[in-house]
Amino acid sequence: MFEKFTSLPPDPILGLLASYRVDENPNKIDLGVGVYKDESGHTPVLQSVKEAETRLLQGEETKAYIGPAGTPGFNSAMQELALGEGHPALIANRVRSVQTPGGCGALRVLAELVNRARPGARVWVSDPTWANHVPLLGNAGLKIESYPYYDRATSSLRFDEMVETLKNVGEGDLVLLHACCHNPCGADLTREQWKVIAEMAQKQGFTPFIDMAYQGFGDSLSDDAWGLRLMAESVPEMLLAVSCSKNFGLYRERVGMALVIYNDAAAADNGQSQLLNVVRGNYSMPPSHGAAIVEAILTDAGLRANWEAELTEMRERINSLRSGVVESLAAAGAPGDFSFIQRQKGMFSFLGISAEQVQQLQKEYSIYMVDSSRISIAGLSQGNMEYFSKAVAAVL
């Protein structure tokens, strides 16, 4: 059966993590893996999550399946978190969603749903985009195209070029957009730019496919969803993949949501039946535990207030690190202007150095990042900032 298999290279980030773990340098720094870390380099369980989990364990009376869609309470709460309470699409009963195994599960089942409606449809992704977008969508049968987004030379958006490319996208195509905290570059669309893209989608008829993995990590829960909420008001149909890994710290629990906005309620019912059938033929039922935690937090005023406070603390720490690394690189004498890092949002930025310099940082200083020089800001701390900055200055 498998005798013709050849070995595939490891995932770049997972390979980096393996090398980092065996590195004996006490000053080693991991800037590759995309998880939030505190000052001590630990990824903590949020206190609001611990409290919700305790209540869940005490009150849970069954481990029976929850059904392909997940629980109604989870879906309702997550719809309002993403779209905002009272969104016109919700009021018009045009929204349907399912709980999924993480944001990856959401992306995949939505891609399979699209492929049922229009086999081999084209989905346009930003250059660059999160690397896993390509296999998650492409392996479901969609054709991947790209549009210009980020200029590595100037560390800024290529918005005019993005618009020129998307002018050629029409009905039957999808355009994948990052809701906030773009992975891997950290450069987000402004509100005015969101308006331009929303008008293009409305006029040209392409379908927005939005990925939101970091709501609350940029400016706030509502500000980070501003663009997708505008888009949802502007177009008859939209896809949204949501992850709870980052903002709830539930990485290993695999909690996400696949949401579709349809043209009307009747189309929504038909579409939901298809989406549930996709789920049934894929993983059948989503896991319950993590989603039950999210549902408990979002539906309890006290837990939600505590969660939002913890989310604010994580966001402010990341923003502080962004400011700190700019100041630290300047103090270390690193040539060039790194102020763009402070202007960007979320956990990631491109440092803007060559692959050779990335390898030099790893070999000589045990500082780990992918060859593109994408760094996870949360991997830095007050304790390692000076060491990192002096190392970068030394290889430039």
Side-chain angles (χ1 to χ4, degrees), residues 6-35 37 41 125-135 144 146 148-158 161 181-187 318 321-381 383-396:
T6 58
S7 180
L8 294 175
D11 179 273
I13 294 178
L14 299 181
L16 267 183
L17 183 58
S19 298
Y20 172 82
R21 284 174 174 166
V22 299
D23 192 325
E24 297 181 355
N25 186 343
N27 296 317
K28 64 182 180 179
I29 304 175
D30 175 20
L31 302 178
V33 65
V35 300
K37 297 179 182 178
V125 303
S126 62
D127 177 19
T129 194
W130 179 48
N132 215 24
H133 278 148
V134 175
I144 308 296
S146 68
Y149 187 79
Y150 185 74
D151 188 335
R152 296 172 192 251
T154 61
S155 302
S156 61
L157 286 184
R158 303 165 63 187
E161 295 171 68
C181 305
H182 189 284
N183 181 2
C185 70
I318 291 173
L321 288 171
R322 285 187 173 277
S323 301
V325 73
V326 174
E327 296 171 1
S328 183
L329 286 167
D337 180 10
F338 290 93
S339 60
F340 64 89
I341 295 176
Q342 187 171 354
R343 295 191 296 271
Q344 294 170 351
K345 303 293 183 181
M347 288 174 47
F348 303 108
S349 284
F350 284 121
L351 197 55
I353 62 177
S354 69
E356 291 75 20
Q357 290 166 326
V358 168
Q359 290 301 314
Q360 188 178 354
L361 283 172
Q362 180 176 330
K363 291 176 181 177
E364 298 181 12
Y365 299 94
S366 297
I367 297 175
Y368 292 80
M369 66 186 75
V370 290
D371 284 347
S372 65
S373 82
R374 187 208 76 165
I375 60 173
S376 176
I377 299 293
L380 295 171
S381 67
N384 64 26
M385 187 80 73
E386 183 178 0
Y387 176 79
F388 165 79
S389 298
K390 288 182 175 179
V392 171
V395 305
L396 291 179

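Between Gly34 and Ser376, the closest heavy-atom pair is CA-OG, 4.4 Å. Here the closest heavy-atom approach between residue Ala391 and residue Ile367 is recorded as CB-CD1, 3.6 Å. When all heavy atoms of Gly346 and Ile318 are compared, the pair lying nearest together is O-CG2, 3.2 Å. Closest of all the heavy-atom pairs between Leu329 and Ser389 is N-OG, 3.6 Å. Across all non-hydrogen atoms, the minimal contact from Ile144 to Val125 is CG2-CG2, 3.9 Å. In terms of heavy atoms, Gly32 sits closest to Leu16 at CA-CD1, 4.5 Å.
Taking the six-membered ring where tryptophan is involved, the planes of His133 and Trp130 are perpendicular, since the angle between them exceeds 60° and thus also 30°.
In terms of modelled atom types and a separation under 3.5 Å, the side chain of Gln357 and the main chain of Ser354 share a donor-acceptor contact. Remark: side-chain polar atoms of Tyr387 are paired, donor with acceptor, to backbone N or O of Tyr365 under 3.5 angstrom. A donor-acceptor distance shorter than 3.5 angstrom exists from the side chain of Ser373 to the backbone of Leu351, with no hydrogens or angles considered.
We find the CD-CD1 distance between Gln342 and Ile377 to be 11.0 Å, quoted to the nearest 0.5 Å. Atoms OG and CZ, on Ser323 and Arg343 in that order, are 11.5 Å from each other to the nearest 0.5 Å. For the atom pair SG of Cys181 and CE of Met347, the computed distance is 9.5 Å after rounding to the nearest 0.5 Å. Between atom OG1 of residue Thr154 and atom CG of residue Leu157 there is a gap of 9.0 Å, rounded to the nearest 0.5 Å. Rounding to the nearest 0.5 Å places CG of Leu396 at 8.0 Å from CG of Leu361. Atom OG of residue Ser366 and atom CD1 of residue Ile29 lie 9.0 Å apart, to the nearest 0.5 angstrom.
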His182/Tyr149 under ring-ring contact (aromatic ring centres under 6.0 Å, His included): CA gap, chis, key distance, verdict
CA-CA 10 Å; His182 189 284; Tyr149 187 79; 4.5 Å; yes
Go through it in stages, so that I can follow the logic: the residues are Phe388 and Val325, the test is side chain to side chain contact (heavy atoms under 4.5 Å, CB included), and I'd like the CA-CA distance, side-chain angles, deciding distance and then a yes or no.
CA-CA 9 Å; Phe388 165 79; Val325 73; 3.6 Å; yes
Show your working on side chain to side chain contact (heavy atoms under 4.5 Å, CB included) between Ser155 and Tyr150 and close with a plain yes or no.
CA-CA 7 Å; Ser155 302; Tyr150 185 74; 3.4 Å; yes
Using the rule given for side chain to side chain contact (heavy atoms under 4.5 Å, CB included), can you reason through Arg374 versus Asn183, listing the C-alpha separation, both sets of side-chain angles and the distance that settles it, and then say yes or no?
CA-CA 9 Å; Arg374 187 208 76 165; Asn183 181 2; 3.2 Å; yes
If you apply the rule side chain to side chain contact (heavy atoms under 4.5 Å, CB included), what do you find for Asp151 with Glu161, and how did you get there?
CA-CA 10 Å; Asp151 188 335; Glu161 295 171 68; 5.5 Å; no
CA sep, side-chain torsions, deciding dist, call: Phe340, Phe350, ring-ring contact (aromatic ring centres under 6.0 Å, His included):
CA-CA 10 Å; Phe340 64 89; Phe350 284 121; 9.4 Å; no
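Asp23 and Gln362 share no donor-acceptor pair across their side chains, judged by distance under 3.5 Å alone. Asp127 and Ser146 share no side-chain donor-acceptor pair at under 3.5 Å. A donor atom on one side chain and an acceptor atom on the other are found under 3.5 Å apart for Ser349 and Arg322.
A salt bridge links Lys37 with Asp30; the closest basic N to acidic carboxylate O contact falls under 4.0 Å.
Contact annotation: the side chain of Val358 never approaches that of Val370 to less than 4.5 Å [non-hydrogen atoms, C-beta and beyond]. Residues Arg152 and Ser372 meet the side-chain proximity criterion, which asks for heavy atoms closer than 4.5 Å.
Stacking of Lys28 on the aromatic ring of Tyr368 is not recorded, the 6.0 Å distance cut-off and the 45° axial limit not both being met.
Heavy atoms of other residues, nucleotides or ligands lying less than 6.0 angstrom from CD of Glu386 number 12 at most.
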